[in-house]
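Accompanying notes for the structure given below.
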Amino acid sequence: MHPDPDVFARALDAAADSARSWLAALDERPIPPRAGIEDVKDALGRELADDATDAEAVVRDLAIAVEPGLMGMPSARFYGWVIGGTQPAALAADWLVSAWDQNTALRAVTPGVVAAEELAGEWIVDLLGLPAGSDVGFVTGATVANFTCLAAARDAVLRDVGWDASIQGLAGGPRVRVIVGEERHDTVDHAVRMLGLGAPVVVPADDQGRIDVAALEAELAVDHGPTIVVLQAGNLHSGAFDDFGPAIAAAHLAGAWVHVDGAFGLWAAASPRSRPLVAHVERADSWATDAHKTLSVPYDCGIAIVADPAALRAAMGMTATYLSRTASSDHADPHDRVPELSRRARGVPTYAALRAMGRDGVAALVDRLTDAAAALAAGLSRLPGVEVLGDVVFTQVCVARADDAATDAWADALRADGVAFASSSHWHGRSVLRFSVSNWGTDAAQAERTLGAAASALAQV
């Protein structure tokens, strides 16, 4: 039985009402959740009823029960981990994606959403100054984007020495060495492990977290077998960027594939002001980033970019007699670029965000975030006993007090206050408080409110 259209209308109206209330309250709502998991389960109802429940009632009850357990992640004063907010056009487009309910695997079957995704991919490649014609796949996040790119890298470096992993597997084949900097993100190790490549070879990093190029060159000289080098655009703690020019040149001279993990930092290339941070990054072979970080589109949307489309399609592509494949070899199907066959059209909100901002708007967004980070760093450094760690070059600000206990107490007080949220971490042997400026709405005014909250929390401990 197909539902009456009015059922959809009432349920969607209920969702829209709740969404508007949630978004309107974000600016003043305390950021931490007010209810725990067990409380929310009680409110939702722990037993599945025998009888059906009206769709509108389900949606309204769901919103009421879950809202106290939500964290204000879309707030412009949320600096936890590296989590962006949601731009209006991207949010509305994401609702359309759910309503359209397209399985975005095949160009011939869902040309509408594939067209939007392909344009978004082309625009991203252009904005970031990457090689024209690079292949772009939309995945869940940076972890899977790294996985996807590194799968293409693994198979390519093995093919270069005469081993076809797609037919022969990995057992008995040449070892693939993956070289990383000491301060790479842990998701790189996760992706490498899932690819069956074991633990990466770690070379030192400097005090800002940048890979030591001389140490990289020395490691490359140890073994001339199949090699992948992973570089970083935006250190998790400092925001620092690897020195791409000499690092990529050294890796390519040794015959290695170069992948760049640029979950948030790759977007520096979209602004003339911050573009020098990623000078020569386009010389790499693959890149991973997130649209739901710096670009502020809804979860989830990671982006895998590979300069050689054939390498990506060889690693990710599949065939089946029941699939209506694209006739042209110039245009791969979406599923040939990602690990999934069934997936939502997650690239459509990215198209909407880019279309709404335009080229200048994306540059202005990146500049606004870096300016807010600089303002936070300057203001926090003026608080008594607070030290800003590292050079603040992009959107990450790490601070600490004289000892770990004092830092942790301040962090707890700030989060309990609820006006602003920053996440704790451990860096260079010290407890630190991390302010990751990733929300499109974070500007000078929001930075000033954050500094007021930080000063107030400091006075309480």
Side-chain angles (χ1 to χ4, degrees), residues 1-26 29-75 78 80-81 83-86 90-106 109-110 113 138-144 147 187 190 194 290-292 297-302 320 322 334-335 338-349 415 418 421 423:
M1 180 184 74
H2 199 279
D4 187 309
D6 186 54
V7 176
F8 279 114
R10 289 187 290 108
L12 289 170
D13 286 344
D17 290 344
S18 297
R20 289 189 189 99
S21 297
W22 162 254
L23 294 169
L26 277 173
R29 178 191 191 276
I31 292 176
R34 303 188 306 274
I37 289 175
E38 299 306 320
D39 299 319
V40 176
K41 285 183 177 180
D42 288 340
L44 288 168
R46 291 179 176 268
E47 300 296 328
L48 179 62
D50 293 332
D51 298 330
T53 304
D54 176 70
E56 179 185 0
V58 169
V59 173
R60 293 195 185 279
D61 291 347
L62 175 67
I64 291 169
V66 170
E67 191 275 337
L70 298 178
M71 178 173 277
M73 288 182 177
S75 167
F78 182 86
W81 304 283
I83 294 176
T86 303
L91 172 59
D94 199 55
W95 285 15
L96 285 176
V97 169
S98 293
W100 291 337
D101 196 23
Q102 304 286 286
N103 180 358
T104 311
L106 300 163
V109 176
T110 57
V113 291
F138 291 96
V139 295
T140 54
T143 302
V144 179
F147 172 88
T187 55
H190 188 198
M194 288 191 292
D290 270 344
H292 57 242
V297 309
Y299 272 92
D300 52 27
C301 189
Y322 70 95
H335 76 80
V338 298
E340 307 143 309
L341 182 60
S342 298
R343 70 170 184 88
R344 64 188 276 108
R346 59 174 57 94
V348 172
R415 291 190 287 263
F421 187 101
S423 53

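Owing to the predicted nature of the structure, the values given are computational and were not obtained by experimental measurement. Throughout, residue positions are numbered sequentially from 1 according to the sequence presented.
For the pair Glu67 and Ser21, the minimum side-chain heavy-atom distance is 4.5 Å or more. In this structure, the side chains of Val97 and Arg346 stay at 4.5 Å or more apart for every pair of heavy atoms. Taking 4.5 Å as the limit, every side-chain heavy atom of Leu12 sits out of range of all side-chain heavy atoms of Trp95. Glu340 has its side chain within reach of Thr140: a pair of non-hydrogen atoms, C-beta onward, lies under 4.5 Å apart. In this structure, the side chains of Val113 and Arg344 stay at 4.5 Å or more apart for every pair of heavy atoms.
Atom CZ in Arg29 sits 5.0 Å away from atom CZ in Arg34 (nearest 0.5 Å). In this structure, Leu62 CG and Thr53 OG1 are separated by 12.0 Å, a value rounded to the nearest 0.5 Å. With values rounded to the nearest 0.5 angstrom, Asp13 atom CG is found 11.0 Å from Ser18 atom OG. Rounding to the nearest 0.5 Å places CG of Leu96 at 12.5 Å from CG of Asp101. For the atom pair CD1 (Ile37) and CG (Leu44), the distance works out to 11.5 Å, reported to the nearest 0.5 Å.
A salt bridge links Arg60 with Asp17; the closest basic N to acidic carboxylate O contact falls under 4.0 Å.
Remark: side-chain polar atoms of Asp42 are not paired, donor with acceptor, to backbone N or O of Asp39 under 3.5 angstrom. Looking only at distances, no side-chain donor or acceptor of His292 sits under 3.5 Å from a matching main-chain atom of Asp300.
In terms of heavy-atom proximity, Asn103 sits nearest to Thr110 at O-CG2, 3.7 Å. Arg415 and Phe421 get closest at one heavy-atom pair: CD-CE1, 3.4 Å. Looking at every heavy atom in both residues, Gly418 comes nearest to Pro32 through CA-CD, 3.7 Å. Between Trp22 and Pro74, the closest heavy-atom pair is CZ2-CD, 3.9 Å. Nearest heavy atoms, Pro339 versus Val144: CG-CG1, 4.0 Å. Of all heavy-atom pairs between Met71 and Pro33, the closest is CE-CD, 3.8 Å.
Annotation: Arg20, atom CZ; neighbour count of heavy atoms from other residues, nucleotides and ligands within 6.0 Å does not exceed 12.
Every side chain to side chain contact (heavy atoms under 4.5 Å, CB included) that Ala142 has, sequence neighbours left out, goes to Ala263, Asp290.
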*For side chain to side chain contact (heavy atoms under 4.5 Å, CB included), just list the numbers for Asp94 and Val348, CA-CA rounded to whole Å, side-chain angles, deciding distance to a tenth of an Å, and then say yes or no.*
CA-CA 7 Å; Asp94 199 55; Val348 172; over 6 Å; no

